[in-house]
Structure formats: C-alpha cells, structure tokens
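Worksheet: the structure to be examined is printed underneath.
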Number of protein chains: 2
Amino acid sequence: MSERTVEEYLESIGALEERESPVSTSSIAQVLEVSPASVSEMLRRLLRKGLVEYHPYGGAALTEKGRRRFLELTRRHRLWEVFLNRYLGIGWEDVYQPACSLEHATSDLVAEKLGKFLDNPDVCPHGSPIPKSNLKRPKVPGIPLADLEAGQAGKMVCVVSESNSKFLRYLTSLGLIPGAKVKVLEKASFDGTLTIEVNNSTKAIGREAASLIMVEPV
Amino acid sequence: MSERTVEEYLESIGALEERESPVSTSSIAQVLEVSPASVSEMLRRLLRKGLVEYHPYGGAALTEKGRRRFLELTRRHRLWEVFLNRYLGIGWEDVYQPACSLEHATSDLVAEKLGKFLDNPDVCPHGSPIPKSNLKRPKVPGIPLADLEAGQAGKMVCVVSESNSKFLRYLTSLGLIPGAKVKVLEKASFDGTLTIEVNNSTKAIGREAASLIMVEPV
DNA sequence: CATAAGAATAAGGCTATCCTAAACAATATA
DNA sequence: TATATTGTTTAGGATAGCCTTATTCTTATG
C-alpha cells in the first residue's frame with residue numbers, strides 16, 4: 001500500500017471531519033476525485049491498519065493513530081507553505097499545490113529542522129493554524145464572514161479553502177487577506193450577498209465565498 | 001506509470017552513463033535494488049515514451065529528452081541539498097536521502113525560485129556541479145585522489161558517492177571535505193592504500209575510497 | 001568452434017489501486 | 001407503510017510495477 005496514497009486519504013478524512021462526522025464515502029470520493037467504490041475498498045484497508053474506524057454504510061472517522069498522522073501531515077504542509085511564501089516569494093494563491101507534494105516527501109528530521117528554521121510559526125499564509133508537534137488538533141479560529149450582521153466589523157483571520165487558487169486570487173483583488181479589517185455594510189435578503197468595506201473601498205462578495213472567510217468580530 | 005518511478009530509472013541511467021555506456025540492465029537493477037527482469041520491462045516502457053534508446057540485450061542510453069529530464073532532476077536534487085545543508089543545518093552526510101525525496105516533489109516554479117533563493121549555486125555540499133537550467137551535462141571536475149602519485153598534492157573538489165552517509169562521515173573524520181588540501185605521502189604498492197596528509201596530520205585511506213574523491217592537482 | 005558461464009528476456013503470478021456495473025441499504029416521500 | 005431516490009458496497013476487470021523461474025542470447029575459453 002503506497003504511503004502516499006494512505007496519506008492522501010487520511011488528509012481528506014481529517015479535513016472533512018471538521019464539517020461532517022463520521023465522514024461519508026462519497027465526500028471522500030469527491031475530494032480525492034476517485035469513485036466511491038475505490039473509497040470503500042481503501043477504508044477497509046485503513047481499518048485493517050488501525051488508522052480509521054469504519055462500519056459499512058456508517059462512514060469513517062480517524063482513530064487516535066490516524067489523527068496523529070493527519071496532524072503531522074497538516075503541520076508539514078503548512079510549514080512548507082510558509083517557506084514557499086516567505087522565502088521563495090510564491091503568493092498565497094499558489095503555495096497550496098507545491099506544499100501538497102512536498103509534505104509527502106518530508107522526513108521527521110527535515111520537518112523538525114524546517115520548523116525551527118521558520119521559527120515554528122503559528123499560522124500558514126492562509127491564516128490557518130499550524131498544529132504543534134504535540135498532536136492536538138488546533139481549532140480554526142473566528143466565525144464566517146457570512147455570519148456577520150450588517151453594521152458589524154471584523155478582522156480577517158484565515159480562509160478555509162486554501163486549495164482554490166482562483167478563489168484566493170479573487171480575495172487578493174478584494175484586499176481580503178489575513179489581518180485585513182472588513183466591515184459588513186449590507187446583506188442582501190434575497191441570497192445573502194454582502195456589501196463590505198475593505199481598505200476604505202466598497203466591494204461585493206457572495207454568500208458562498210463569504211462563508212469560507214473566517215473573521216474575528218470587532 | 002508513476003512519474004516517480006520513471007524519474008528514478010532516469011536518474012540511475014544518467015548517473016551510470018558516466019562510467020558505462022550503454023548502461024547494462026544489471027547495473028540499473030543493482031542501483032535500484034530491483035530484479036533485472038523488472039528493469040527489462042521498464043526499459044521497454046521508457047523506450048515507448050522516448051526517454052531511452054534501448055535494444056534488447058544491448059543496454060540503454062538516455063535520449064535527448066531523457067537527458068534533459070535527468071539533468072533537471074539532478075539540479076533539483078542538488079539545490080535541495082544546498083538548502084538542507086545551508087539553511088536547515090543538516091550535515092553533508094545526511095542531505096542525500098531527504099533531497100532524493102524532495103526532488104520528485106518539486107515543480108518547475110519551485111525549482112526556479114529555489115535556485116534564485118540559493119543564488120544559483122554551482123556545487124552541492126558534496127562538491128558536485130549543479131547543472132544549469134541550460135541543460136548541458138556538467139563535467140565532474142578533477143581526478144581521483146587515488147590517481148595522484150606519491151609526493152603530489154591536490155585540493156579536494158568533490159566526492160562522487162554522495163549517497164553513502166557512512167562513507168561521508170568517515171571522510172569528515174579524516175578532514176576530507178570539499179576544499180581541503182591533501183598531499184599523498186605514499187602509495188602502497190600492494191593494494192594502493194594511500195598515506196595522506198590533511199590538515200597537518202597523517203592519515204591512511206584505502207584505494208577504493210580514494211578513487212571516489214576528486215581532487216585538483218596542485 | 002564448441003560450449004560453459006554470465007547476462008538478459010519471457011512467461012506467469014502477485015498486490016495495490018483504480019474503474020464500471022450491478023446489487024443492496026438507508027432515507028425520504030407519497 | 002410502500003416505494004422512489006440516493007448512497008454504499010460487491011463483483012469483476014484493468015494496469016503498473018514488482019517478483020521468481022525458465023529460457024535465450026552473448027561472450028569468453030578450452
């Protein structure tokens with residue numbers, strides 16, 4: 001069983017657990033772009049390896065062992081994102097894919113040294129928390145921008161769709177990057193589209209997009 | 001066909017071509033630690049892909065296309081070695097393996113930015129030349145230490161067995177690192193064992209080992 | 001030049017991962 | 001509650017890459 005493949009399954013499951021628990025076969029299939037049948041098969045393998053709990057028709061959940069692997073992978077992924085962004089000058093829109101490849105090629109030693117070199121940062125360029133070597137799942141801070149009411153303001157913390165570089169480029173064009181101050185001027189009653197103020201200019205952003213942006217209310 | 005596997009074959013063939021041309025099935029099998037039969041099979045696949053020339057029973061040689069891929073991989077490998085050594089503080093004995101993994105996970109963009117970040121170095125921590133983006137195979141400079149005569153001195157340029165960390169540790173203990181000045185005091189007529197002077201102290205080194213160390217005669 | 005030794009390939013098999021199509025389970029609806 | 005819809009698993013099959021064993025080719029030697 002290729003280590004790489006296993007890791008990709010663990011990552012999907014771990015990420016999906018934030019929203020759905022246990023995680024359904026079809027969600028995993030969609031994220032990994034494989035057939036549901038392949039996922040069923042793989043879940044049985046991961047079960048045998050003690051990485052997930054799994055009951056046919058009952059979805060999957062990471063075991064302690066699986067979760068540990070997942071967090072370590074997330075840590076490596078985000079450390080590489082920091083490196084790519086901070087030292088190689090690659091934009092936050094484009095660091096996800098390369099980090100995805102690099103994380104699977106990172107030994108314990110390199111992960112540790114890389115962490116030290118970067119001064120063990122707390123967040124990746126998208127603002128998402130970087131798990132510590134101590135294995136606790138960090139919680140995604142803040143609430144969705146879409147949940148602010150008209151008149152409320154907040155500070156952007158992170159974005160939770162870091163793999164979508166088109167989306168990130170769009171956010172950049174709006175000035176919506178981690179740390180940015182944003183105020184909701186209006187919410188459309190029809191579909192929730194937001195009128196916001198960023199950098200002293202007024203912009204519009206759809207409900208869908210706004211629900212992927214986490215802010216700290218001010 | 002996994003990209004990774006293809007790349008590993010190309011690398012073995014490219015490296016072996018320095019000493020043997022065309023490259024025999026069994027040499028590749030030995031380097032990759034797979035059976036000769038598997039190599040035969042793979043060579044047919046690489047042939048179809050236009051990456052090697054290959055005639056059954058006649059060995060293999062990289063095509064222009066194959067050579068380009070090989071040089072690019074070598075470049076990435078050695079750039080990562082420089083990074084691991086210079087920025088993460090990993091010793092030259094230990095940079096080979098991690099670089100081996102990372103090189104296959106490196107996109108064109110990352111390779112280019114990494115090169116710039118490192119200031120496009122000319123050599124890796126083992127002293128081996130780093131191919132330029134312009135695709136010419138760099139010549140390994142110098143001659144084997146084992147070829148110096150008694151009384152001759154030289155400056156160490158590089159080592160050509162960079163994957164053997166035990167060997168590298170041994171060289172470190174002798175003070176034999178790239179740039180070191182070394183003088184041959186005596187060569188045993190029996191088996192060529194050398195008595196050398198490095199850093200004002202006298203050491204012994206076997207013929208085999210000494211043939212892997214390249215020096216520039218002074 | 002015949003043959004033995006060594007190298008390479010062919011034949012046949014194994015496993016991991018994926019697929020499609022068909023069967024089956026769970027859920028929502030009438 | 002019966003049934004339609006949706007989601008999941010099973011069955012059967014493909015391919016990549018590896019293996020072992022048996023055969024074939026090349027080459028070196030008597």
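Aromatic ring pairs are classed by plane angle as parallel below 30°, tilted from 30° to 60° and perpendicular above 60°; the pair A:Tyr96 and A:His77 is tilted.
Taking the 5' to 3' direction, DNA chain C first and last meets chain A under 4.0 angstrom from a heavy atom at C:dA16 to C:dA25.
You'll find the ring centres of A:Phe83 and B:Phe83 inside the 6.0 Å limit.
Not one side-chain nitrogen or oxygen of A:Ser24 sits closer than 4.0 Å to the OP1 or OP2 atom of D:dG7.
Sorted by first and then second residue, the ring-ring contact (aromatic ring centres under 6.0 Å, His included) pairs with a member in residues 30-73 of chain A form an empty list; sequence neighbours excluded. Annotation: side chain to side chain donor-acceptor pair (under 3.5 Å) contacts involving residues 28-44 of chain A, sequence neighbours excluded, comprise A:Ser35-A:Ser38, A:Glu41-A:Arg45.
With sequence neighbours left out, B:Asp122 forms a side chain to side chain donor-acceptor pair (under 3.5 Å) with B:Lys132. Take A:Thr172 and apply the side chain to side chain donor-acceptor pair (under 3.5 Å) test, not counting sequence neighbours, and it matches A:Trp92, A:Glu93. Shown here are the salt bridge (charged side-chain N to carboxylate O under 4.0 Å, His left out) partners of B:Glu64, two or more places apart in sequence or in another chain: there are none. When the salt bridge (charged side-chain N to carboxylate O under 4.0 Å, His left out) test is applied to B:Glu162, the partners found at least two apart in sequence or on another chain are B:Arg78.
Near DNA chain C, meaning a heavy atom under 4.0 Å away, the residues from residues 43-59 of chain B are B:Arg44, B:Tyr54, B:Pro56, B:Tyr57. Interface residues of residues 29-42 of chain B facing DNA chain C, ordered by number: B:Pro36, B:Ala37, B:Ser40; criterion, heavy-atom separation under 4.0 Å. Remark: nothing in residues 9-19 of chain A comes within less than 4.0 Å of DNA chain D through any heavy atom.
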Return a table of donor-acceptor pairs under 3.5 angstrom between the side chains of residues 11-19 of chain A and protein atoms on other chains or two or more places apart.
residue: A:Glu11; atom: OE2; partner: A:His104; partner atom: NE2; Å: 3.4
residue: A:Ser12; atom: OG; partner: A:Glu8; partner atom: O; Å: 2.8
residue: A:Glu17; atom: OE1; partner: A:Arg67; partner atom: NH2; Å: 2.7
residue: A:Glu17; atom: OE2; partner: A:Leu62; partner atom: N; Å: 2.9
residue: A:Glu18; atom: OE2; partner: A:Arg137; partner atom: NH1; Å: 2.5

Show me the donor-acceptor pairs within less than 3.5 Å that the side chains of residues 105-113 of chain A make with the rest of the protein, sequence neighbours left out.
residue: A:Thr106; atom: OG1; partner: A:Trp80; partner atom: NE1; Å: 2.8
residue: A:Thr106; atom: OG1; partner: A:Leu102; partner atom: O; Å: 2.7
residue: A:Ser107; atom: OG; partner: A:Val110; partner atom: N; Å: 3.2
residue: A:Asp108; atom: OD1; partner: A:Arg76; partner atom: NH2; Å: 2.6
residue: A:Glu112; atom: OE2; partner: A:Lys116; partner atom: NZ; Å: 2.8

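To the nearest 0.5 Å, the span separating CD on B:Glu81 from CZ on B:Arg86 amounts to 12.5 Å. Between atom NZ of residue A:Lys203 and atom CD1 of residue A:Ile196 there is a gap of 8.5 Å, rounded to the nearest 0.5 Å.
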